[in-house]
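Here the structure is laid out as structure tokens; the discussion comes afterwards.
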Amino acid sequence: MSTATPTGPSDFIRDIVAADRASGKHGGRVVTRFPPEPNGHLHIGHAKSICLNFGIALENPGGICHLRFDDTNPTTEDPAYVRAIQDDVRWLGFDWQGKLFYASDYFERLYAFAVTLIKKGKAYVDSLTADQMRDYRGTLTEPGKDSPYRSRSVEDNLDLFRRMKAGEFPDGAHVLRAKIDMASPNINLRDPVLYRIRHAAHYRTGTAWSLYPSYDFAHPLSDAIEGITHSICTLEFQDHRPLYDWVVAETEHEHRPQQIEFARLNLTAAVMSKRKLLELVDRKLVAGWDDPRLPTIRGLRRRGYTPEAIRTFCEHIGVAKRDAVVEMQMLEHFVREDLNKRSPRVMAVLKPLKVVIDNYPEGTVEDLEAVNNPEDASAGTRTVPFSRVLYIEQDDFREDPPKQFFRLAPGREVRLRYAYIVKCVGVVKDPQTGAVTELHCTYDPETKSGAAQEQRKVKATIHWVSARHAADAEVRLYNPLFLTDLSKVPADHDWTLYLNPQSLERLTGCKVEPGLRQAAPGTRVQFERQGYFCVDPDSSAGTPVFNRTVSLKDAWARIEKTQQAR
RNA sequence: UGGGGGAUCGUCUAGCGGUAGGACGCCAGCCUUUGGAGCUGGCUACCUAGGUUCGAUUCCUAGUCCCCCAGCCA
């Protein structure tokens, strides 16, 4: 008897956690944290971190992951982001089990730790201007030099720091610095700023404080206070680790969290920079943070992505330390995989072409049985009305069909899904433009779908909608937001110039099965042969709006492409 | 030219001294009342040069290339 050993995700961080648990480090506890700053919305890159931190907590008995808002910069943060972030984390399927924290809750204790450092002679008030401080810091290759204020007495430092807190000085007049080593080859150790004066109202603490701790001070201490065992962050903080450890050690915390860094997620054809995302939204270059073209959690959600698909994706991209750019196809693959299993199929015509079945009796309507999901028998069946006048997809007809085009053409036959085999017997064109405006077909009554005697094979089956019964709909197709990989755009170029004017294609006058007329926002369906779609909140009574989450794989498109390449 | 990281199929990622595995992608075929899904087969990789070793992607040495750091952002 072989019991299947459930092999969850594995990576170097989980290896470290497992080893620590085995050795009894941290008393065998596993406490992680996801520490967003509430100055923007979460995106797919954060999802990677969320899946990692909450995932590790879930995988280890007694493990827990805290949600902590790293809110130490009052000028950029907003409570609306706090709410949205919680909502997004929950939507992704994770639970912080009541362990919701704010760095701002620790301001009082952080201040006390700073005083301790001053008393130990490990921190001092500096009164250099920002420019001067930069000069004193040295360069990458040259050591910095001590600030003239570095040798202030403990008493003076204590007094000045107290008065900074009391709001006696304007912004920028003084800062509190760690006294480490101005000649350190690691620039982060050249007396980093611990506190800066900011006469700004904080969204949670109001005007109680006129000085705020920096990340380098607040973060390690927040971790230590909360008993975090594994503080997982991205690569750019590697250089800060010695400082992180210094802060925890010098404030004499018995508990020492361990910082571990991994490579952040990069995705082809996706803007992941918080700054750029904000700018796109602020300048109204997109519809908002939940614009379906954005890789934000809210954008993906509105687009129709499922949390399961995002989590599966995060599991499959792995966790490592090398810089990497994951192809968007990978994300798309996992949504398709998930949606294929769960989406009800439905017929929808995006670009309608009228078809009259000449030999079908006028006024007759047949209710045909259609399978809701061939991947899931329990999804059952539904009924779709068939009548003499239909709409089919313009792309499913070619007057002059190229090689390997199996769909409708003059004299050719196709099956109408769940209905009959029809033959194209006439083409009506606009006398002015020559465009095909209507098709005439005949149907073979012997070929009704599912009929026992029905054996005939045709090369293609196409979808359709009965003209009389169809509901009108708007369909939004999405293409890459940018024409080029933004990482290749020079910093001095206006990156917004590379926006793809075709990133959103709005199709109106689309025809969908009548059953979709009142579909609720958030409803996900597969439009047969086309893709997965999700009902948008913009839908109005009677006319739903659909977002294309992702197209189905299109073998014909590929054939056509290689044909054209020849 | 300082410090910190990193280099394995086209793209992610495993491998921890016994000669490279998985996923995405791509190609071919089967199947199919979605040119979907599914199934089968195939494709391509250890940055370079030395060394240690019976044997190196794994260890050593020397290079090369890439990323991050000079915010009172995080």
Side-chain angles (χ1 to χ4, degrees), chain A residues 10-11 35-37 39 70 72-73 75-76 126 128-130 133-135 137-144 171-177 184-190 192-198 211-212 214-216 218-219 233-242 261 263 265-266 268 274-275 313 315-334 336-337 340-341 345 347 371 374-375 404-407 414-419 421 447 449-450 454 456-463 526-532 551-559:
Chain A
S10 166
D11 53 68
E37 183 188 12
N39 67 350
D70 222 335
T72 57
N73 186 353
T75 57
T76 58
D126 198 356
L128 253 24
T129 65
M133 209 183 287
R134 190 177 315 118
D135 290 341
R137 190 151 32 224
T139 68
L140 294 179
T141 52
E142 299 161 310
D171 286 9
H174 310 282
V175 291
L176 184 75
R177 290 232 251 171
S184 171
N186 180 347
I187 291 182
N188 295 294
L189 262 20
R190 319 241 263 229
V193 169
L194 267 22
Y195 268 93
R196 71 282 206 193
I197 298 171
R198 276 253 204 301
L211 79 177
Y212 292 90
S214 64
Y215 167 87
D216 282 319
H219 201 89
C233 62
T234 42
L235 253 28
E236 66 269 29
F237 294 104
Q238 284 178 123
D239 288 348
H240 295 242
R241 198 190 324 136
E261 312 85 10
L265 169 67
N266 294 296
T268 59
K274 247 182 178 180
R275 196 201 100 227
F313 167 74
E315 257 174 49
H316 280 79
I317 54 175
V319 178
K321 295 193 78 159
R322 72 184 81 102
D323 297 300
V325 185
V326 176
E327 291 177 336
M328 185 62 89
Q329 288 109 286
M330 179 93 73
L331 216 210
E332 293 180 341
H333 166 79
F334 290 108
R336 284 196 189 99
E337 184 181 71
N340 176 49
K341 285 178 292 190
R345 272 59 172 175
M347 292 195 284
V371 172
E375 303 291 322
Q404 294 185 81
F405 182 87
F406 302 146
R407 280 109 94 149
V414 294
R415 173 173 290 284
L416 295 177
R417 173 128 245 223
Y418 299 121
I421 291 178
T447 58
S449 191
E454 165 55 8
R456 277 178 63 191
K457 299 277 185 200
V458 284
K459 295 201 99 167
T461 297
I462 65 173
H463 59 275
Q526 182 198 89
F527 286 173
E528 290 217 29
R529 303 208 300 134
Q530 310 202 84
Y532 298 96
S551 69
L552 247 28
K553 289 211 203 166
D554 188 345
W556 166 243
R558 192 162 294 146
I559 293 166

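Just so it is clear: chains get the letters A, B, ... in the order the sequence lines come, proteins before strands, and each one is counted from 1. All values below were derived from every heavy atom in this structure, side-chain atoms included, with hydrogens, water molecules and symmetry-related copies excluded.
Among the atoms of the strands shown, base atoms are found under 4.0 Å from some heavy atom of Leu128(A). Across all strands, Met133(A) comes closer than 4.0 Å to base atoms (heavy-atom distances). Counting any heavy atom pair closer than 4.0 Å across all strands shown, Tyr195(A) reaches no nucleic acid atom. The residue Ile197(A) sits apart from the nucleic acid: no heavy atom pair falls under 4.0 Å. Here Gln329(A) lies in heavy-atom contact (under 4.0 Å) with sugar-phosphate atoms only. Among the heavy atoms of the strands, none lies under 4.0 Å from Val458(A). Val175(A) comes within 4.0 angstrom of a nucleotide base, judged by non-hydrogen atoms across all strands. The residue Asn340(A) sits close to a base: some heavy atom pair falls under 4.0 Å. Residue Phe527(A) is classed as having no contact, given no heavy-atom separation below 4.0 Å to the nucleic acid.
Taken from CZ in Arg345(A) to CD in Glu528(A), the straight-line distance is 7.0 Å, to the nearest 0.5 Å.
Distances shorter than 4.0 Å separate some side-chain N or O of Thr72(A) from OP1 or OP2 on A74(B). When the side-chain nitrogen and oxygen atoms of Arg198(A) are compared with OP1 and OP2 of C72(B), none of them lie within a distance under 4.0 Å. Side-chain N/O atoms of Lys459(A) include none lying less than 4.0 angstrom from OP1 or OP2 on U32(B). Considering only side-chain N and O atoms, His333(A) lies under 4.0 angstrom from the phosphate OP1 or OP2 of C24(B). OP1 or OP2 of C26(B) lies within a sub-4.0 Å distance of a side-chain N or O belonging to Arg558(A). Residue Arg322(A) places none of its side-chain N or O atoms closer than 4.0 Å to OP1 or OP2 of G5(B). Proximity of Arg417(A) to the phosphate of G35(B): no side-chain N or O atom is located under 4.0 Å from OP1 or OP2.
With a glycosidic angle more than 90° from 0, G63(B) adopts the anti conformation.
Straight-line distance between the P atoms of U64(B) and A49(B): roughly 15 Å, to the nearest whole Å. Between C12(B) and G55(B), the two P atoms lie 34 Å apart (nearest whole Å).
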